[in-house]
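Keep in mind it's a predicted model, so treat the numbers as computed, not measured. All chains are named by letter (A, B, ...) in the order of the sequence lines, taking the proteins before the strands, and each is independently numbered beginning at 1.
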Amino acid sequence: MTIKLYNTMSRKIEEFKPLIPNQVSFYSCGPTVYWNQHLGNMRTFISNDIIKRMFIENGFKVNHVMNYTDVGHLTSDADEGEDKMEKGAARENKSVWEVAQTYIDSVESDMKDLNLIKPITPRATDYIDEQIDLVKKLEDLGYTYIIPGKGVYYDTSKFADYGLLGGQNLSELRSGIRIDNDGKKNPTDFMLWAFSPKDKKREMEWDSPWGVGFPGWHIECSAMSMKLLGNHFDIHTGGQEHIKVHHSDEIAQSEPIVGKPWVNYWVHFAWLMAKDGKMSKSAGDSLTVPYIKNKGYDPMEFRYLMLLGHYRQPVDFSWVSLDAAANGYKNIVRKVADLIDSQNQNPEKENSKIYEEWNKKILDIVSDNIKTAESLVQVQELLKADDINSATKLKLFEFIDRLLGLQFINRAQKLLDLESVEAPENIKKMALERVAAKAEKDWVRADELRDKIDAAGWNVIDTKDGIKIIKKMA
RNA sequence: GGCCCGGUGGCAGAGUGGUUAUGCAGAGGACUGCAAAUCCUUGUAUGCCGGUUCGAUUCCGACCCGGGCCUCCA
């Protein structure tokens, strides 16, 4: 099967060729754990997860690493800025270490809710020695300089390919830059190691050949990815905003050490936009997984909404679109439940030829640059196909669940379980009274009883085989 | 200022040089005492103007509009 991905470096959709056959090494820039992660972050995690599942279904062994940035960084190289981790600690009256743990727990809970296959998740603070080692190597190679009182900086003019990923060379970047940073040799130079301020003790700081301080932001991803995936690896992903700075800087600090190319495929995800602008402006406020759960949405409904769009296309988040996705998702679950039901009533044998055909068709679509929306069209077509029996459809849904992670069968089974809950005696009694009323064509009495049953939390439904009493969804 | 990406039916969002997905919502019908569920049917959509072409929504150019990045951000 041919796998294709859009490579930001070449700006083309390329056929994927692994460094090692049937294996893929895959690094994703993860969250800074100083606050709740919003739905925009979740979109990125879901995109990573789909790529991973696509590889797994294609028979690859996947080594997926996603870091947690638990080191504070200055918000800007230009001035003193604020340290996000320390800001979080002050806000919550906790140590920075406690803050990190709190939000690691929180994001892991979200990832579980969204049915993400857990990646390997290193923490930046566990790789300080590796980061210092990289800075030392860059210093030995002559790529660094020190600004007294501030830190060790990377001299981007020493790296001929600087900015290649973003499609601009250094002089273009210079002309386009809006701010100038005093002390730096080039506006694009960035900090590799920051010196701790003289006047105050930081909670997170370490000794280094250059003095007590803490690592710059970009170096951690180079250090952890090299350590865990090797000096060369297949795929590096992240949000699209990382192209120009973070990933360009990662390349600049890594390729002098490991050679070129360091990473074969760069994949970037477009943003989920809140209606009033970027999600991150309201980071931690309301648009989180726990928040939508409280509003009664199944996290799978959000995942389904994300899969309706393409990862390289920005998507607007709104309650209207989430509602539409929720309805669409529930409708599929209902139909899958009917398939399970029908298979329980009249077991059929699956048709392996049809299974293989549809399996290939859907996997091909997703393998072609992750066209999840188109794969969901096939899901609808599969449900409508009346020449495929329930057993075959269900087996295909098992595959679809592995590939898209939407837990259709799980939710369908839950629905059936809910529907099989026995009604209590008083409800049953009312339902039988209603049957009697109906027999006498006493429609007023019948509807009254149905309302009473409804108020008690049950639905009574007339079918051609008699009545069904079903517990209402919570 | 530099770079990049879009503008598709009521909404969300695909694909495609020539019968324009899919979903949600809406309408009509079947079924039902009425509901619910389900099924069937249904919609004069591709920003504007040129060009290439037998033919463009799809390719090319200009324009208008919107968005993103360039500063921490998934």
Any N or O donor-acceptor pair linking the side chain of [X] to the base of [N] at under 3.5 Å?
{"X": "A:N327", "N": "B:rG23", "result": "no"}
{"X": "A:D462", "N": "B:rC34", "result": "yes"}
{"X": "A:R434", "N": "B:rG33", "result": "yes"}
{"X": "A:R450", "N": "B:rC34", "result": "yes"}

May I have the distance from [X] (atom [atom1]) to [N] (atom [atom2]), rounded to whole angstrom?
{"X": "A:K438", "N": "B:rG33", "atom1": "NZ", "atom2": "C1'", "result": "8 Å"}
{"X": "A:E419", "N": "B:rA37", "atom1": "CD", "atom2": "P", "result": "12 Å"}
{"X": "A:I332", "N": "B:rU38", "atom1": "CD1", "atom2": "P", "result": "12 Å"}
{"X": "A:R303", "N": "B:rG23", "atom1": "CZ", "atom2": "C1'", "result": "18 Å"}
{"X": "A:H310", "N": "B:rG6", "atom1": "NE2", "atom2": "P", "result": "11 Å"}
{"X": "A:E241", "N": "B:rC5", "atom1": "CD", "atom2": "C1'", "result": "15 Å"}
{"X": "A:Q380", "N": "B:rU38", "atom1": "CD", "atom2": "P", "result": "12 Å"}
{"X": "A:E86", "N": "B:rC72", "atom1": "CD", "atom2": "P", "result": "17 Å"}

Roughly how many Å apart are [M] and [N], using the [atom1] atom of each and rounding to a whole number?
{"N": "B:rC31", "M": "B:rC39", "atom1": "C1'", "answer": "9 Å"}
{"N": "B:rC59", "M": "B:rC24", "atom1": "P", "answer": "30 Å"}
{"N": "B:rG47", "M": "B:rG7", "atom1": "C1'", "answer": "6 Å"}
{"N": "B:rU20", "M": "B:rA56", "atom1": "P", "answer": "15 Å"}
{"N": "B:rA27", "M": "B:rA35", "atom1": "P", "answer": "14 Å"}
{"N": "B:rC5", "M": "B:rU38", "atom1": "C1'", "answer": "43 Å"}
{"N": "B:rA36", "M": "B:rG29", "atom1": "P", "answer": "14 Å"}
{"N": "B:rU57", "M": "B:rU46", "atom1": "P", "answer": "9 Å"}

Whichever of A:M42 and A:A325 has its nearest RNA chain B nucleotide further upstream toward 5':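 Comparing both residues, the 5'-ward one is A:A325.
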
First of A:G239 and A:W443 reached from the 5' end of RNA chain B, by closest nucleotide: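 On the 5' side of the pair lies A:W443.
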
Lys/Arg-Asp/Glu bridge criterion (N-O < 4.0 Å) met for A:D454, A:R450: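 Answer for the salt bridge query: no.
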
Determine which pairs satisfy salt bridge (charged side-chain N to carboxylate O under 4.0 Å, His left out) with at least one residue from residues 106-121 of chain A, sequence neighbours left out, and list them in order.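 The answer is A:E108-A:K118, A:D113-A:K293.
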
What is the base-pairing partner of [N], counting Watson-Crick and G-U wobble geometry with both distances under 3.5 Å?
{"N": "B:rC39", "value": "B:rG29"}
{"N": "B:rC3", "value": "B:rG68"}
{"N": "B:rC63", "value": "B:rG47"}

Establish, from distance only, whether the side-chain atoms of A:N7 and A:E14 form a donor-acceptor pair under 3.5 Å.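 Per modelled atom types, A:N7 and A:E14 side chains form a pair under 3.5 Å.
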
[X] (side chain) donor-acceptor with [Y] (main chain) under 3.5 angstrom:
{"X": "A:K52", "Y": "A:H64", "answer": "no"}
{"X": "A:S25", "Y": "A:D234", "answer": "yes"}
{"X": "A:D401", "Y": "A:I409", "answer": "yes"}

Counting just side-chain N and O atoms, does A:N331 come under 4.0 Å of either OP1 or OP2 of B:rC24?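 Result: yes.
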
Does B:rG13 have OP1 or OP2 under 4.0 Å away from a side-chain N or O of A:K371?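 It does not, given that no N or O in the side chain of A:K371 lies less than 4.0 Å from OP1 or OP2 of B:rG13.
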
Using a heavy-atom cut-off of under 4.0 Å over every strand shown, decide if A:V379 touches base, sugar-phosphate, or nothing.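 It contacts nothing in the nucleic acid.
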
Nearest of B:rA35, B:rG68, B:rA14 to any side-chain atom of A:Q240?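 Side chain of A:Q240 sits closest to B:rG68.
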
So, A:W271 and B:rA74: ring centres less than 5.5 Å apart, planes less than 30° off, yes or no?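 Answer is yes, a stack.
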
Please check if the number of heavy atoms outside A:K295 that lie under 6.0 Å from its NZ is greater than 12.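 It does: A:K295 NZ has more than 12 such atoms within range.
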
